[in-house]
Peer 1: 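Here you go, one structure.
Values in this document were obtained by computation on a predicted structure and should not be read as measured data. Sequence lines set the chain letters: A, B, ... in the order given, protein chains first and strands last, and positions in each chain run from 1.
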There are 2 protein chains.
Amino acid sequence: MNAIAYLDQHFPHFEQGLKEQIAAHCTVRQISAGERLIQTGQYFRSTMLVTEGRLKLYREGEEGDEFFMYYLLPGDACALSMVCASRPHPASEIMAKAIEDSVVLMIPLQLMESLMQEFKSWYSFVVETYRSRFEELLQIVDQVLFKALDERLVIYLEHQQKALGSPQLQLTHQEIANDLNSSREVISRLLKKLEQQKKLVLHRNYIEILPG
Amino acid sequence: MNAIAYLDQHFPHFEQGLKEQIAAHCTVRQISAGERLIQTGQYFRSTMLVTEGRLKLYREGEEGDEFFMYYLLPGDACALSMVCASRPHPASEIMAKAIEDSVVLMIPLQLMESLMQEFKSWYSFVVETYRSRFEELLQIVDQVLFKALDERLVIYLEHQQKALGSPQLQLTHQEIANDLNSSREVISRLLKKLEQQKKLVLHRNYIEILPG
DNA sequence: CGCCCTGTGTGATCTGGGTCACTGTACTTC
DNA sequence: GAAGTACAGTGACCCAGATCACACAGGGCG
């Protein structure tokens, strides 16, 4: 599948000319499940549009802790690759990992400015991407600040359900603990509590969210 | 003082035409010390440029908790007013408070897009503002996530010193506790510890940061 | 001067959640 | 089917930080 076809499929609201320009200059990159896309401490040289698969975006702490922030799904752009990219900068401090085989279009940064000026739909897309990531980040800030772990866990599970599009979540307790920067035992206990409250059922290797 | 004069003083890198356009459409707003500028739950209708004074920007939790995020100083723009503004949106969930008598230029949102297209210096300014606030927010996230309170307090004090431009910080322990979403007693104890480490001297109503 | 009010110091206690040390249970591989 | 290897459950313990309950100091003001 070529760049234009991907763009048609996941970015249908882009003008034709915009799609052509992107296609002419971008490179299509395949990422296999488990692979890391952005490494902490690495420069950006391109903006990324996700067209296939599912990526998880993490914030990395200094001691190698990883904290899950959000998913990138087809049709999404990595706001960070736009933002941090805009000028040379020491370290990105974020990390993206593909959890499925994925495809991203890499748009060289130099193109950004002219696309912004030439195409209204690109301008709005970029601004909207900024806006929504910014807001997401704000959400994260006050979850971490103001909410206890049990509440954060519930929100996390809801997120997963939405992003994965299924009430069966293929997650181990250990993974959840990593994503929330907590520990397995604590997550196990909290999950058990939620099970008792009939909000979910625990199985081996997956969790079933009950509706309601 | 009129808008052009303010712009000349604090935004000298703007093109002349840009300054004129802004001056022609913005309104100059005076805010007195202690006044709140943005209320949680309120829509934005303009982007703000700070030209005088000092504003503190808070994130508000659901139960009325306030968490200090950063200062807005002359020459700064409120990234949030750009971001959230870009489309009607339920609630801002952030709050700005003037700690000195301040002046801001309010630029109507409709102007944004044409300014972006017409003026390179405006485009870079906006992108750079996004970038730096985004990064600040990321810093905040991992401070809160990965650092203990004593370390966060040190960072906070450094911030204050930089933003206020003086090693005498006119802050009560209670204020600091509010800003860090902690409690007075804990802050008092930690400050005492820092005093014992000769990093600062505690006085009534102000804290003196020792160099080094 | 005594009164009050704001800011500060300090101990006692409580609790969420992290850590340690296990046990138990499925599933895989040979 | 035995052994090894993820995953999951559970108790005991610890600690940062919150909360409570004070006591006290300085500064204004009648």
Peer 1: Which residues satisfy the side-chain hydrogen bond (donor to acceptor under 3.5 Å, both in side chains) test with Asp179(B), sequence neighbours excluded?
Peer 2: Lys56(B), Tyr58(B), Tyr156(B)

Peer 1: How many Å lie between CD on Glu151(A) and P on dG16(C), as a whole number?
Peer 2: 14 Å

Peer 1: Does dG18(C) have OP1 or OP2 under 4.0 Å away from a side-chain N or O of Ser182(A)?
Peer 2: yes

Peer 1: Who pairs with Lys97(B) by salt bridge (Lys or Arg N to Asp or Glu O under 4.0 Å), at least two apart in sequence or on another chain?
Peer 2: none

Peer 1: Tell me: OH of Tyr206(A) to C1' of dA8(D), nearest whole Å?
Peer 2: 15 Å

Peer 1: So, is Lys192(A) close to the dA8(D) phosphate, meaning a side-chain N or O under 4.0 Å from OP1 or OP2?
Peer 2: no

Peer 1: Among all residues two or more places apart in sequence or in another chain, which pass the side chain to side chain contact (heavy atoms under 4.5 Å, CB included) test with Gln170(A)?
Peer 2: none

Peer 1: At under 4.0 Å between heavy atoms, which parts of nucleotides 19-25 of chain D does protein reach? Answer with one letter per nucleotide, 5' to 3': B base, S sugar-phosphate only, - none.
Peer 2: BBB---B

Peer 1: Once you round it to whole Å, what is the distance between P of dG16(C) and CD1 of Ile187(A)?
Peer 2: 15 Å

Peer 1: Taking only residues two or more places apart in sequence, or in another chain, which ones meet Ala148(B) in a side chain to side chain contact (heavy atoms under 4.5 Å, CB included)?
Peer 2: Asp150(B)

Peer 1: Excluding sequence neighbours, so at least two apart, what forms salt bridge (Lys or Arg N to Asp or Glu O under 4.0 Å) with Glu66(B)?
Peer 2: Arg36(B)

Peer 1: Out of dG9(C), dG18(C), dG7(C), which has the shortest distance to the side chain of Asn205(B)?
Peer 2: dG7(C)

Peer 1: Could you give the side-chain donor-acceptor pairs of residues 6-13 of chain A under 3.5 Å, partners two or more places apart or in another chain?
Peer 2:
{"residue": "Asp8(A)", "atom": "OD1", "partner": "Lys19(A)", "partner atom": "NZ", "Å": "2.9"}
{"residue": "His10(A)", "atom": "NE2", "partner": "Thr51(A)", "partner atom": "O", "Å": "2.7"}

Peer 1: Rounding to a whole Å, what distance do you find between Leu190(B):CG and dC15(D):C1'?
Peer 2: 14 Å

Peer 1: What is the distance, rounded to the nearest whole Å, between atom CG of Leu202(B) and atom C1' of dT10(C)?
Peer 2: 14 Å

Peer 1: Could you list the donor-acceptor pairs under 3.5 angstrom formed between side-chain atoms of residues 183-195 of chain B and any protein atom two or more places apart in sequence or on another chain?
Peer 2:
{"residue": "Ser188(B)", "atom": "OG", "partner": "His173(B)", "partner atom": "ND1", "Å": "2.8"}
{"residue": "Glu195(B)", "atom": "OE2", "partner": "Leu202(B)", "partner atom": "N", "Å": "3.0"}

Peer 1: Report for the helix from dC1(C)-dG30(D) to dC30(C)-dG1(D): angle between first-end and last-end helix axes, five pairs each, rounded to 10 degrees.
Peer 2: 20°

Peer 1: For the pair made of CD1 in Ile207(A) and P in dC7(D), what is the distance, rounded to whole Å?
Peer 2: 13 Å

Peer 1: Determine, for Arg131(B) against Glu135(B), whether the closest basic-nitrogen to carboxylate-oxygen distance falls under 4.0 angstrom.
Peer 2: yes

Peer 1: Check whether any side-chain N or O of Thr172(A) sits under 4.0 Å from OP1 or OP2 of dA6(D), and answer yes or no.
Peer 2: no

Peer 1: Please identify which of these residues, Asn181(A), Ile140(A), Asp65(A), meets the side-chain contact (heavy atoms from CB on, under 4.5 Å) condition with Leu145(B).
Peer 2: Asn181(A)

Peer 1: So, is His173(A) close to the dA6(D) phosphate, meaning a side-chain N or O under 4.0 Å from OP1 or OP2?
Peer 2: no

Peer 1: In whole Å, I'd like the distance from the CD1 atom of Ile176(A) to the C1' atom of dC7(D).
Peer 2: 12 Å

Peer 1: Using whole Å, what does the distance between atom C1' of nucleotide dG9(C) and atom CD of Glu195(B) come to?
Peer 2: 11 Å

